[in-house]
Amino acid sequence: VCPDLPSTEFADVTAEMYPLGTKLYYECDSGYTRKSGHYMGILCKKTHQVAAWVYKEFECIDKKTLLSTAPTIKLNFTQKPERKTQSPAPQKQENLSEFDQKYFCGPPKTMPHASLSQNKQYYVGQVLHFKCQSGYDKQHPTSGTRRCEKVNGKIIWTPLDMQCINDS
């Protein structure tokens with residue numbers, strides 16, 4: 001397990017790949033709640049010699065539906081979930097190299113009415129991408145990466161070669 005991620009002001013953090021053993025959790029968007037008995041966690045695990053996310057069945061349902069006793073009509077449409085920091089694109093496992101497919105999971109899939117909560121626990125090999133938020137990108141470079149590595153027996157985050165500032 002990597003040490004706590006050093007804070008980086010005015011930057012958004014994302015990841016494209018996650019090492020084996022990574023656990024992430026979905027949170028229902030505002031106005032929605034987890035359907036009773038459903039588990040919101042996923043795990044990056046090796047299955048059939050390939051790293052893949054293991055999902056349990058879960059659903060975020062409209063809170064108004066819970067309060068209503070009137071019959072409901074199911075409409076045939078999907079609402080795009082809100083995107084938050086670390087709410088990744090659908091999984092692109094086919095674009096990973098053969099090495100990556102064995103040891104890293106691609107981005108988890110998006111779920112209706114849910115976003116991924118910010119991951120607090122990372123493992124050796126994790127690469128995080130930082131991008132300055134709008135208005136704080138006055139000095140180049142405006143994006144960079146950090147990697148969790150084991151160096152001389154100690155687990156560290158590599159330095160970030162960017163700083164997000166504004167004119168004021």
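Owing to the predicted nature of the structure, the values given are computational and were not obtained by experimental measurement.
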Nearest heavy-atom pair of Ile155 and Cys148: which atoms, and what distance? CG2-SG, 3.5 Å
Stepwise side-chain contact (heavy atoms from CB on, under 4.5 Å) check, Gln49 with Lys102: CA-CA 6 Å; Gln49 302 305 312; Lys102 287 182 180 179; 5.5 Å; no
Please round to the nearest 0.5 Å and tell me the distance separating atom CZ of Phe10 and atom NZ of Lys131. 16.0 Å
Is there a side-chain contact (heavy atoms from CB on, under 4.5 Å) between Lys46 and Tyr103 once you walk through the steps? CA-CA 8 Å; Lys46 193 181 255 190; Tyr103 301 107; 4.2 Å; yes
Tell me if a side-chain donor or acceptor on Ser117 pairs with a main-chain N or O of Tyr25 at a distance below 3.5 Å. yes
Look up atom SG in Cys2 and atom CZ in Arg146, then write down how far apart they are to the nearest 0.5 Å. 11.5 Å
Taking the side chain from Thr158 and the backbone from Arg147, do they hold a donor-acceptor pair closer than 3.5 Å? yes
Shortest non-hydrogen contact from Gln133 toward Asp12: NE2-OD1, 3.1 Å
The reported gap from CZ in Arg34 to SG in Cys60 (rounded to nearest 0.5 angstrom) is 9.0 Å
Quick one: do Met162 and Leu5 end up in the same hydrophobic cluster if we chain Ile, Leu, Val, Met, Phe, Trp and Tyr together by side-chain heavy atoms under 4.5 Å apart? yes
Under 4.5 Å between side-chain heavy atoms, counting indirect links through other Ile/Leu/Val/Met/Phe/Trp/Tyr residues: same cluster for Met17 and Leu20 or not? yes
Closest non-hydrogen atom pair between Gln126 and Tyr18, with its separation: OE1-CD2, 3.4 Å
Counting only N and O atoms by type, is there a donor-acceptor contact under 3.5 Å from the side chain of Gln163 to the main-chain atoms of His140? no
Rounded to the nearest 0.5 Å, how far apart are NZ of Lys63 and NE2 of His113? 13.5 Å
Qualifying disulfide (SG to SG under 2.5 Å) pairs with a residue from residues 114-145, counting only residues at least two apart or across chains: Cys132-Cys164
Any side-chain heavy-atom pair of Leu116 and Pro108 under 4.5 Å: yes
May I ask whether Ile42 and Phe58 are part of the same hydrophobic cluster, defined by side-chain heavy atoms of I, L, V, M, F, W, Y residues being less than 4.5 angstrom apart, directly or through others? yes
Heavy atoms of Thr145 and His129 approach each other most closely as CG2-ND1, 3.4 Å
Quick one: closest heavy-atom pair of Ala51 and Cys44, and the distance? CB-SG, 4.3 Å
Atom NZ in Lys120, atom CG in Leu24: separation rounded to 0.5 Å? 11.5 Å
Measure the CD-CE distance between Glu27 and Met40 for me, rounded to the nearest 0.5 Å. 8.0 Å
Closest heavy-atom pair and its distance - Phe130, Val13: CE2-CG2, 3.4 Å
Treating Ile, Leu, Val, Met, Phe, Trp and Tyr as nodes and any side-chain heavy-atom pair under 4.5 angstrom as an edge, say whether Leu43 and Tyr26 lie in one connected cluster. no
